[in-house]
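Since we're looking at a predicted model, the values are computed, not measured.
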Amino acid sequence: MTDIAKQAESYEANELFDIKNSYYIGNYQQCINDAQKEPPNYGNLRIKRDIFMYRAYLAQKKYGIVLAELKTNSHPDLQPFKLLAEYLQSPDNRDSVMHALERELSESSSELNHSLLIVAATIYNHEHNYESALRVLKNDDSLEGAALSLIIYLRMNRVDLATKEFRKLREKDEDATLTQMAQAWLNLALGGEKLQEAYYIFQELIDKYGVTALLLNCQSVCYIGQGEYKKAEITLQDALEKDSNDIDSLVNSLFISGHLKVSAEVAKRNLNMLRDAYANSDFIETYNKKEAEFDLLSQAFQ
C-alpha cells in the first residue's frame, strides 16, 4: 500500500468516522462543522465528506442550501440528495419528484450508487411504500442499508424480520454506532425488560459521543414504555432545549401531556406548535383526519 493510500485510509478511519458518527446520533451541526474543514484531497474522500454534510443540512431542514449548491454537473453520488431536498421542501411537487426518482432508478439499474439507493428508500419510506423501499435496499449491502431495512420492518410491525436484519448488522460490525442504535430500536419494539437495555445503550452513546435531541428523545420513549411519564417529560424538555423544533420530541411531549394532567391550554399550544411547524407531517395529517371524523360523528349524534 502506498503512503498516499495509507494516509487516505487513516483519514477515513478518523475524521470521516467522526463526521458520519455525528450524523447518525443526530449531532447535525457538528457533522457540518467537521465536514467543512479542509480534508486531504484523496480519491473519493472529499465526496464522502460532502455526502454527509448535505445530509446533515437536510436533517436541519435547510433544503435551500442543498438545492443551491448541488448542480447538474455535481458528482453523481451527490445528485440524489438534490432530489431528496426537492421532495422534502415541496409536498405539492412530490408526484413529479417520484417520477424523476423512478426514472433515475430505471436508467441507473446497471450502476446504482449507494446515495441513490438510500435516497430512494428514504422517499419510499416517507410514502409508506415499504415494499419498494425494501426492494431498493436489497441492492445495498452496506451497514446503513441494513439499518434502514430494520427501521422499515419495525414500521411494518415485523419485529421478526427486523430481528433477522439486526443479525446482519451484528455480523458486519458489532461495535458500530448504527449497530448499537439498531439494537436499541429493536429493544424498544420488543418492550418489557428490553426497554431498560435500550435506555442503557442510548446512555452509553451519550457518554461516548455527547448529548443530542435524537438520543434524548429515544430515552424518553424508554420511559414512556415503562410508564415513567414524569421522567419522560424531563428528558423531553432537555431534548427540546437541544432542538426546539424536533418533531419526535414535540409529538412525545403532546402524548405524555394526557398522562401528566397538563392543562388543556398547554396541550392545545403544543398541538398548534406541531401544526405550525409540521403541517404536512404524518402525525398532523392523521390527527386532522381523526379530528374531522370525530366532529362528523358528534354532529350525527346531536
Side-chain angles (χ1 to χ4, degrees), residues 19-28 31-32 35 47-48 50-67 69-70 74-109 112-156 158 161-162 165 168-169 177-178 181-182 185 214 217-218 246-248 251 278 280-283 285:
I19 290 169
K20 294 166 69 173
N21 208 60
S22 292
Y23 175 80
Y24 291 142
I25 65 170
N27 195 348
Y28 304 121
C31 173
I32 293 168
I47 299 301
K48 292 179 180 179
D50 288 347
I51 284 173
F52 280 91
M53 180 183 70
Y54 287 121
R55 292 178 73 179
Y57 277 126
L58 289 173
Q60 291 183 332
K61 299 174 180 60
K62 296 178 180 177
Y63 311 127
I65 293 177
V66 179
L67 293 172
E69 295 189 9
L70 295 185
S74 295
H75 193 280
D77 287 348
L78 296 174
Q79 290 285 351
F81 298 105
K82 182 175 183 179
L83 202 62
L84 181 56
E86 292 172 349
Y87 175 87
L88 295 171
Q89 184 183 57
S90 306
D92 295 336
N93 195 39
R94 286 183 174 176
D95 286 342
S96 64
V97 173
M98 291 299 298
H99 288 311
L101 173 64
E102 289 166 4
R103 184 171 62 250
E104 284 288 326
L105 288 170
S106 61
E107 292 177 355
S108 307
S109 57
L112 290 171
N113 63 51
H114 173 69
S115 295
L116 181 59
L117 294 173
I118 292 298
V119 166
T122 300
I123 290 177
Y124 283 133
N125 188 30
H126 272 280
E127 293 286 312
H128 304 287
N129 188 347
Y130 304 130
E131 183 179 346
S132 293
L134 292 167
R135 184 173 64 248
V136 165
L137 289 171
K138 283 184 178 179
N139 297 308
D140 190 315
D141 63 352
S142 69
L143 196 72
E144 189 173 6
L148 187 49
S149 295
L150 180 143
I151 290 170
I152 292 170
Y153 283 131
L154 291 179
R155 294 194 72 179
M156 297 169 65
R158 291 301 306 269
L161 297 178
E165 206 64 38
K168 296 179 185 177
L169 278 157
T177 296
L178 274 180
M181 294 183 74
W185 294 330
L214 187 154
N217 181 68
C218 288
D246 180 57
I247 183 171
D248 293 323
V251 169
Y278 299 99
N280 298 300
S281 66
D282 286 346
F283 177 83
E285 288 183 354

Pairing of Lys168 and Glu144 as salt bridge, 4.0 angstrom limit: no
task: Just jot down the side chain to side chain donor-acceptor pair (under 3.5 Å) partners of Tyr63, sequence neighbours excluded, or say none.
output: none
Cut-off 3.5 Å, no hydrogens considered: what does the side-chain donor-acceptor table look like for residues 132-140, sequence neighbours left out?
from   : atom 1 : to     : atom 2 : distance (Å)
Ser132 : OG     : Asn129 : OD1    : 3.1
Ser132 : OG     : Asn129 : ND2    : 3.0
Ser132 : OG     : Arg135 : NH2    : 3.2
Asp140 : OD1    : Ser142 : N      : 2.8
Asp140 : OD1    : Ser142 : OG     : 2.5
Asp140 : OD2    : His114 : ND1    : 2.6

- prompt: For the residue pair Glu127 and Tyr87, what are the closest heavy atoms and their distance?
  reply: OE2-OH, 2.6 Å
statement: Sorted by chain and number, sequence neighbours left out, side chain to side chain donor-acceptor pair (under 3.5 Å) with Gln60 holds for Gln29, Lys62
- request: Carefully, step by step, assess Arg155 and Asp282 under the rule salt bridge (charged side-chain N to carboxylate O under 4.0 Å, His left out).
  value: CA-CA 13 Å; Arg155 294 194 72 179; Asp282 286 346; 3.7 Å; yes
query: Does Leu214 reach the side chain of Ile25, with side-chain heavy atoms less than 4.5 Å apart?
result: no
query: Which distance, rounded to the nearest 0.5 Å, do you find between the CG of Leu150 and the CG of Leu178?
result: 10.5 Å
query: Going by the angle between their ring planes, with limits at 30° and 60°, are Tyr57 and Tyr54 parallel, tilted or perpendicular?
result: tilted
message: Test of understanding: with salt bridge (charged side-chain N to carboxylate O under 4.0 Å, His left out), list the residues that count as partners of Asp141, not counting sequence neighbours.
response: none
task: Could you verify whether a donor N or O on one side chain and an acceptor N or O on the other, from His126 and Tyr124, lie under 3.5 Å apart?
output: no
task: Flag yes if more than 12 heavy atoms outside Glu131 fall under 6.0 Å of its CD atom; otherwise flag no.
output: no
message: Which heavy atom of Arg55 sits nearest to which heavy atom of Phe81, and what is that distance?
response: CG-CE2, 3.4 Å
statement: By side chain to side chain contact (heavy atoms under 4.5 Å, CB included), Cys31 pairs with (sequence neighbours left out) Ile19, Ser22, Tyr23, Phe52, Ala56
query: Can you check side chain to side chain donor-acceptor pair (under 3.5 Å) on Glu285 and Tyr278, steps first, answer last?
result: CA-CA 9 Å; Glu285 288 183 354; Tyr278 299 99; over 6 Å; no
statement: Heavy atoms of Asn113 and Pro76 approach each other most closely as ND2-O, 3.5 Å
field: Atom pair CG/CG of Leu116 and Leu101 - distance to nearest 0.5 Å
entry: 6.5 Å
field: Verdict with reasoning, Asn125 to Thr122, per side chain to side chain donor-acceptor pair (under 3.5 Å)
entry: CA-CA 5 Å; Asn125 188 30; Thr122 300; over 6 Å; no
field: Residue list, side chain to side chain contact (heavy atoms under 4.5 Å, CB included) with His75, at least two apart or on another chain
entry: Asn44, Ile47, Asp77, Leu78
- prompt: CD/Glu165 to OG/Ser149 distance, rounded to the nearest 0.5 angstrom?
  reply: 4.5 Å
message: Once rounded to the nearest 0.5 Å, what's the spacing between atom NZ of Lys48 and atom OG of Ser115?
response: 10.5 Å
- request: Using a 4.5 Å cut-off on heavy atoms from C-beta on, say whether the side chain of Glu86 contacts that of Leu67.
  value: yes
query: Rounded to the nearest 0.5 Å, how far does CE of Met53 lie from CD1 of Ile65?
result: 9.0 Å
task: Could you tell me the separation between the CG atom of Leu161 and the CE atom of Met156, rounded to the nearest 0.5 Å?
output: 7.0 Å
